[in-house]
Amino acid sequence: MAELRELATSAGADVVGEFIQLREKPDPATLIGRGKLQEIAGAAASAQADLIIFDHDLSPSQQRNIEDELNVRVVDRTQLILDIFARHARTREGQLQVELAQLEYLLPRLTGRGIEMSQIAGTAGGGRGPIGTRGPGETQLETDRRKIAGRIRHIQQQVEHVRRTRAQQRRRREAVPVATVALVGYTNAGKSTLFNTLTRAGVLESPRLFATLDPTIRAVQLPSRRKVLVSDTVGFIRNLPHTLVTSFRATLEEVQRASLLLVVSDVTSPVASEQDAQVEKVLRELEAQDKPRLRVLNKIDLLPGARRDALEDDVRTVHVSAIRGIGISALLERIDGMLQQDALSRVKLSVPQREGKALALLEGSARVFSREYRDGFVDLDAQVPESVLRKVRPFVRD
Ligand code: GDP
Ligand code: MG
């Protein structure tokens, strides 16, 4: 139930009540029993709830029967997760995959209503009559089904197209030696909050370079002045419904490309170890289990002061509060230290003062420890990324 609550919150819901039923066998018509249904109806009415979420898959007819009984919209776990994916899918491919999953979810539900419609038509008119005697529901249904099937085919073609263009874009991006850091972890761990905090902390002077990328990827400047791309991802979910695996994966492509994974979890979560196991499982499925990673324990602001003071970072773990900005500069330093790309070297340089471009490049893209001015030269002691060093090589002193 804790997980369902988190998922519901992620989808933007306010939880006003929770119910559990233990039953030998599910009721074929309504999943839960009649008494429980009435209890929920009463509670929903008094809390003015406008949505009931079942942590169990509902058949199309069960869903309809419960809705009729409760007079409130009813969704199941799959629908809830689809909704969360739809909110998170910001890449074109992710959006297409989610829409595909939504349509595939919808199709049998239309069929369900269709069976009912043709049965009604059947009892009333003795089976399929001549043209014009079929129920309006059935005609409409067939049109809807055809439309949806057509849309599904159309989306499948688009997915292929988008995959190709994305691969091209990625190759172009990879031509520049910029590493990607992906935020992964369970839903509600605080990934998106951390993403925003990190991208605000590492303000970049020329965001135009990356302006065409999708909004779940942003450039961040590390303390070494190297740039990295940080990628926010959709949260992992325990027991992901089978039908959603493809759309889930499509939203996680950046994880496979990443040089470093930040595995974010909520320190206050009562089911932390279970979630860690799930994260491992998903990373294995994505063949990303061997990537360098850093554990980020988030929401330390919620811990009592004494416990918070006792926390210590180690080589694999940092503690932060994404919302309060606690531990963020330490985290940026750690990311910096773990990245192999665009290796840093400490050098001494003598740059003629008239070399304005080289000086600006060093000030903007290297960490300068000291600078001295003498006879038209600037002497610098700096830590310089490989990509910058190539451009200022003539000024390096040996
Ligand atoms: P995501 O699902 O991993 O992207 O998680 P979100 O970033 O959407 O955050 C989930 C919830 O946790 C939101 O209500 C955030 O406001 C909250 N949250 C995130 N980081 C922190 C934090 O450091 N402290 C506290 N107290 N709440 C946080
Ligand atoms: Mg998020």
Side-chain angles (χ1 to χ4, degrees), residues 2-16 53 77 80-91 94-95 97-98 180-201 214-218 220 229-240 244 247-255 258 261-272 274-276 278-280 282-283 286 293-305 307-309 311 313 317-332 334:
E3 189 210 40
L4 187 67
R5 204 180 308 128
E6 284 183 357
L7 290 175
T9 313
S10 287
D14 279 325
V15 180
V16 291
I53 304 169
R77 200 178 128 85
L80 176 65
I81 295 170
L82 273 172
D83 199 87
I84 294 170
F85 283 2
R87 278 167 177 254
H88 281 82
R90 296 203 193 92
T91 66
Q95 285 166 345
Q97 293 285 12
V98 172
T180 301
V181 175
L183 293 165
V184 299
Y186 218 73
T187 301
N188 217 43
K191 294 178 298 301
S192 300
T193 310
L194 185 60
F195 176 75
N196 286 323
T197 308
L198 281 176
T199 50
R200 260 200 313 275
D214 68 82
T216 57
I217 298 183
R218 270 185 230 150
V220 169
L229 297 176
V230 178
S231 160
D232 188 16
T233 68
V234 69
F236 297 176
I237 291 163
R238 194 172 46 92
N239 301 326
L240 187 71
L244 302 188
S247 48
F248 178 61
R249 289 232 178 116
T251 61
L252 286 175
E253 246 182 77
E254 293 303 331
V255 174
L261 303 178
L262 299 185
V263 182
V264 185
S265 50
D266 175 351
V267 271
T268 66
S269 171
V271 286
E274 196 186 317
Q275 294 181 347
D276 285 351
Q278 175 64 17
V279 167
E280 277 317 306
V282 176
L283 290 180
L286 294 169
R293 56 172 110 161
L294 185 60
R295 268 175 75 86
V296 181
L297 297 182
N298 186 32
K299 308 196 187 182
I300 58 166
D301 57 291
L302 296 178
L303 296 176
R307 254 193 79 195
R308 199 183 332 155
D309 293 342
L311 297 173
D313 293 350
T317 315
V318 285
H319 296 85
V320 304
S321 164
I323 234 169
R324 299 274 181 80
I326 304 169
I328 300 301
S329 51
L331 174 59
L332 285 167
R334 290 292 292 278

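Quantities reported herein were computed from a predicted structural model and do not represent experimental measurements. Order of listing sets the numbers, starting from 1, for every ligand and every atom in it.
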- Non-hydrogen atoms of Y186 versus ligand 1: any pair closer than 4.0 Å?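 Yes.
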Can you list the atoms of ligand 1 that are under 4.0 Å from a heavy atom of [X]?
{"X": "L302", "result": "26 (N)"}
{"X": "A189", "result": "3 (O), 5 (O)"}
{"X": "K191", "result": "1 (P), 2 (O), 3 (O), 4 (O), 5 (O), 7 (O)"}

Closest by any non-hydrogen atom to [atom]: pick that one out of [options].
{"atom": "atom 11 (C) of ligand 1", "options": "T9, I300, N188, I323", "result": "N188"}
{"atom": "atom 20 (N) of ligand 1", "options": "V264, N298, L297", "result": "N298"}
{"atom": "atom 5 (O) of ligand 1", "options": "G190, G185, S321, G325", "result": "G190"}

- Query: When you check the side-chain N and O atoms of E3 and Y186, is any donor under 3.5 Å from an acceptor?
  - Reply: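 Side-chain D/A pair, E3 to Y186: present.
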- Task: Output yes when the distance from some N or O of ligand 1 to some N or O of T187 is under 3.5 Å, and no in every other case.
- Result: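 So ligand 1 has no N or O lying under 3.5 Å from an N or O of T187.
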- Message: Can you confirm, on distance only, whether ligand 1 has an N/O atom lying under 3.5 Å from any N/O atom belonging to K299?
- Response: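 In this structure, K299 places an N or O atom under 3.5 Å from an N or O of ligand 1.
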- Item | T187: partners by side-chain hydrogen bond (donor to acceptor under 3.5 Å, both in side chains), with sequence neighbours left out |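 Listed in chain order: nothing, the list is empty.
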- Please state whether the separation between the Mg ion (ligand 2) and some N/O/S atom of T187 is under 2.8 Å?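 For T187, the answer is no, given that no N, O or S atom comes within less than 2.8 Å of the Mg ion (ligand 2).
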Just how far is it from atom [atom1] of [X] to atom [atom2] of [Y], taken to the nearest 0.5 Å?
{"X": "D232", "Y": "L194", "atom1": "CG", "atom2": "CG", "result": "9.0 Å"}
{"X": "T268", "Y": "K299", "atom1": "OG1", "atom2": "NZ", "result": "6.0 Å"}
{"X": "D266", "Y": "Q275", "atom1": "CG", "atom2": "CD", "result": "7.5 Å"}

- Option from V296, L311, N298 for which side-chain contact (heavy atoms from CB on, under 4.5 Å) with H319 holds: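 By the side-chain contact (heavy atoms from CB on, under 4.5 Å) criterion, H319 pairs with just one of V296, L311, N298: L311.
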- Could you tell me whether R295 and E280 make a salt bridge, using a distance below 4.0 angstrom between a side-chain N and a carboxylate O?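 Answer for the salt bridge query: no.
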